[in-house]
Student: 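My questions will all concern the structure given below.
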Amino acid sequence: MGTEKQKVLLIDGNSIVNRAFYAMPPLTNSTGLHTNAVFGFTTMLLKVIEEEKPTHLLVAFDAGKATFRHEGYSEYKGGRQKTPPELSEQFPLLKELLHSFSIKQFELSGYEADDIIGTWTRLAEEQGQTAVIVSGDKDMLQLASDRVTVLLTRKGVSEVDRFTPEAIAEKYGLAPQQIIDLKGLMGDASDNIPGIAGVGEKTALKLLAEYGTVESVLEHAGEIKGKLGENVRAHQEDARMSKQLATIFREVPVERTWDELRWEGYEAAELAAAFRKLEFKSLIERLDLSGAGSHVGEEAKAAADYEVVWAGPGAEREWAALNEALPAAESVLIEWSGDNPHQSLGIGLAIAAGGRVFAVPHEALAGDEAARLREWLADGEAPKRGYDLHGAELALARSGYELRGHAFDVQLAAYLLDPTEANPSLAGLLQRQGLAPIAFDDAVYGKGAKFRVPEREALAAHLAAKADAVRRLAGPLAEELDRAGMRSLYYELEQPLSLILAGMEKQGIDVRSQSLAELGQEFQGEIERIVGEIHRLAGFEFNIGSTKQLGDVLFEKLGLPVVKKTKTGYSTDAEVLEKLEPFHEIVRLILHYRTLTKLQSTYIEGLLKEIRPEDGKIHTYYRQTIAATGRLSSQYPNLQNIPIRLEEGRRIRKAFVPSEPDWRIVAADYSQIELRVLAHISGDEGLVEAFRQEMDVHTKTAMDVFGVQADQVDAGMRRQAKAVNFGIVYGISDYGLSQNLHITRREAAEFIEQYFAAFPGVRKYMDDIVAQAREDGYVTTLMGRRRYLPDIRASNFNLRSFAERTAMNTPIQGTAADIIKLAMVRMDEKLKELGLRSRMLLQVHDELVFEVPPDEVETMAALVPETMARAFPLSVPLKADVSVGTNWYEAK
DNA sequence: CGCTTCACG
DNA sequence: ACGTACGTGAAGCGC
């Protein structure tokens, strides 16, 4: 290191970007990306570099999500508003720009930027070097020392105030370390740190002048007079915790050496290219970069390297060009608004072809000029690469358009590559692929009530950017699918299934509103009677549906024992109420009230609202890219949770009927598919043998766990064995099983041990799959579906345990999902092949529901279970039970 | 908009 | 010592 004087410039990335975002006027580049915060950050950066002339440089970021501070205090940074998308889309731009500046950046999950900066200032001090911090956060002042200077932004980001220990003493009369005490006393509304109620900056400073530290203030709390003294005494814990929250952690594992932060300036050509992309023309001039790197191909090009053509109503030339380009279309993007594509409002579409992107507003689809486009969209031989083609198909159907020829769906591919990704938006996918970014939808359209479609120019730019994004993503994602061994899972299972789902959804299921309404009448009468009873027993009227009011009645008015608490108050869930039943007759009524109001609001009223008046049917929307295990999910409404367990609710199913006279409902469900999958995957001999002999698996489990003969297994033993089997599938823990069976943990552990002794192959599977997950970072299903489990290596017990249970469960649940999906594809083929009129209507995880003409009932009652059973050969037989009825209730 | 509760597999 | 059973969606409450 020599004797050279070194100075590290440490920038609080999140703080500066935030300040810049709110201080700068809006600014977008030609593709609609917001850039104002990046611009503000850059001007600040250039200025500080010029003034401070650092030898080392680092920008630190918060790693997002939870930090270790949340573990002790879940409200930390509570009331803070969410980052608007106009800002969040700028982070990747900034990170890329910093890269072009050759500036190091660092973030670490579990830590905030100030902790990283605090750690580096400590390291600088230890090495006898100096540090300069740039932030907008006053907390940083605690780090000031004779070697560390803090620059706090003022008025946005362009100007800074310089804080040395002397300057802090002058301004606050405090030493840097006392900044933490200051915050401990006064709190910080923006971080949701409470401090002592009623204590603001003035009072806090007075107290510190007298006592020096929070601890000393608290020690002398007894001598502080009046209201202030009361407050101090009442909020001692708040003060201690607030001080702790405000204290910057200076021992972050920073994973870098001092020398790695060395900064030797930027590469002019690289920076020029980055500025061009962002369209920061003034900065290019200011740094005199206009000559730099303009010859270097791709990177130096402007943001969009395609021409946007607006094919609006009456734009004859543009339509002619579009029609001509259609055969060469590389991607298509259908844009609509609303969450439910069955009820969507069209926005428009865009088609990328040969260096141009044609943007078509939705209105234009109604005109004659769209005839060729209509044909092309419906042409199964014209391949479409798109994003969410399933949703697009439904949305287009509303405008009388068909969509055929699904060739590749970027959203579906992205789901297979990482089914846990919360935001598989095009903008998000580009970020993760390291491709040139586009604006997030929320930033273009606004969110919720603020949603509005922008004017022509901005809309065209965004639609074009998205269509181009599909074009750019399709190749890389397809290659990734190949590399991950999911090519056939995609092309032979998921993509064909997406078409089948769209067909089922468009078909819909007939639901008799008359039957639902009559049942609702009945429920209503019963609910009113029960409400009266409950209010009479309580002695006054209250809202039974409010857990807060109900808790007051049960635990304060009636004095029932508190069984469990939630983070907001008393728990009143069914488990708690069942325990309370013996204490008061009101409890049973409340349970019944809950059941009935659930049925009434979710199933009677909820389903009635979803029946389309045009055809009397319900059209659900199956989501193929939501569940992390590979299952489908169902929305608007959810038809996968229609009541069945209790007779009262089961009657709802009588309203689900065939849509043609004399047709029948045929339903078939897999018997014990998950345990059969487990038998296959684990190869456990006992379990495999049990299924080969078609034994009752819960009875078999009871025999082996309790060590008895079949005829000695009573109902209670079978019930317990069944719970153990559930536990095994879910990734067993003694705690979970004990909760479920209301037994002690020790007893539960005993059961589990017995189980594993009886089924050693299952134990081996559980051990192996966890080890494998730790090794690979992911688990797979029989058909190669993947789920990443980053927490499997976490040091946090909770996170790690959760990941371990997921590792055990996902291959089982996921393989079952694979199998029924495959059965759906096979059934669809069979129906076509045999020319049957029967229609597949619903999938409920292990069940398929059809409507069937009378002359096909016999055929289908054999074909469906057979097809399901043969969908995917395992080492144990798969079995599906079938039943027929005039409605879904009867088909049981 | 987060929390609680409860419907399903 | 740690403290949850796996996967979903919808409704009502109350801030």
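Chain A is the first sequence line, chain B the second, and so forth, proteins listed ahead of strands; every chain is numbered from 1. Only this structure's heavy atoms are used, side chains among them; waters, hydrogens and symmetry mates stay out. The model shown is predicted, which means the values in this text are computed figures rather than measured ones.
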Student: Tell me whether the side-chain N/O atoms of A:T602 come closer than 4.0 Å to OP1 or OP2 in C:dA10.
Tutor: no
Student: If you only use heavy atoms from C-beta on, which nucleotide in C:dA10, B:dC6, B:dA7 is closest to the side chain of A:T595?
Tutor: B:dA7
Student: Hey, does the side-chain of A:Q813 have a donor or acceptor N/O within less than 3.5 Å of a partner on the base of C:dC6?
Tutor: yes
Student: Looking at A:T568, does any N or O in its side chain come under 4.0 Å of the phosphate oxygens OP1/OP2 on C:dG14?
Tutor: no
Student: Please measure how far the P atom in C:dC2 lies from the corresponding atom in B:dC6, and state the result in whole Å.
Tutor: 28 Å
Student: Please give, in whole Å, the distance from C:dG9 P to A:Q640 CD?
Tutor: 9 Å
Student: Of A:N809 and A:N798, whose closest DNA chain C nucleotide lies nearer the 5' terminus?
Tutor: A:N798
Student: Atom CD of A:E747 and atom CG of A:D734: how far apart are they, to the nearest 0.5 Å?
Tutor: 11.5 Å
Student: Expressed in angstrom and rounded to an integer, what is the separation of A:R805 atom CZ from C:dT4 atom C1'?
Tutor: 4 Å
Student: Is the phosphate of C:dG14 approached by A:Q549 (side-chain N or O, under 4.0 Å from OP1 or OP2)?
Tutor: yes
Student: If you take the centroid of each ring, where Trp contributes its six-membered ring, are A:Y621 and A:H390 closer together than 6.0 Å?
Tutor: yes
Student: Does C:dA10 have its OP1 or OP2 closer than 4.0 Å to a side-chain nitrogen or oxygen of A:S601?
Tutor: no
Student: Between the side-chain atoms of A:R787 and the base atoms of C:dG7, is any donor-acceptor pair under 3.5 Å?
Tutor: no
Student: Has the side chain of A:R594 got a donor or acceptor atom sitting under 3.5 Å from an opposite partner on the base of C:dG12?
Tutor: no
Student: Take A:H584 and A:L560 through the side-chain contact (heavy atoms from CB on, under 4.5 Å) test and state the conclusion after the steps.
Tutor: CA-CA 8 Å; A:H584 202 291; A:L560 300 183; 4.2 Å; yes
Student: Looking at A:R785 and A:E494, does any basic side-chain N land under 4.0 Å from a carboxylate oxygen?
Tutor: yes
Student: Taking the six-membered ring for Trp, is the centroid-to-centroid distance between A:Y755 and A:F751 below 6.0 Å?
Tutor: no
Student: What are the two closest non-hydrogen atoms of A:L580 and A:P561, and how far apart are they?
Tutor: CD2-O, 3.4 Å
Student: For A:R800 and C:dT4, what is the distance between atoms CZ and C1' respectively, to the nearest whole Å?
Tutor: 14 Å
Student: Rounded to the Å, how far apart are A:W888 CH2 and B:dC8 C1'?
Tutor: 9 Å
Student: Please confirm whether the shortest side-chain N or O distance from A:R645 to OP1 or OP2 of B:dA7 is below 4.0 Å.
Tutor: no
Student: Does C:dG9 have its OP1 or OP2 closer than 4.0 Å to a side-chain nitrogen or oxygen of A:Q635?
Tutor: yes
Student: Kindly indicate whether the side chain of A:T566 and the base of B:dT4 share any N or O donor-acceptor pair separated by less than 3.5 Å?
Tutor: no
Student: Under a 3.5 Å cut-off for both contacts, is C:dG12 paired Watson-Crick or G-U wobble with anything, and if yes, with which nucleotide?
Tutor: B:dC3
Student: Between the base of C:dT8 and the side chain of A:R631, is there a donor-acceptor distance below 3.5 Å?
Tutor: no
Student: Using the side-chain heavy atoms of A:A627, tell me which of these nucleotides is nearest: B:dA7, C:dT4, C:dT8.
Tutor: C:dT8
Student: Tell whether A:K598 reaches the base of B:dC6 with its side chain through a donor-acceptor pair below 3.5 angstrom.
Tutor: yes
Student: Starting the side chain at C-beta, find the nucleotide from C:dC6, C:dG3, C:dT8 nearest to A:A628.
Tutor: C:dT8
Student: With the side chain of A:F797 defined as its heavy atoms from C-beta on, choose the nearest nucleotide among C:dA5, B:dG9, C:dG3.
Tutor: C:dG3
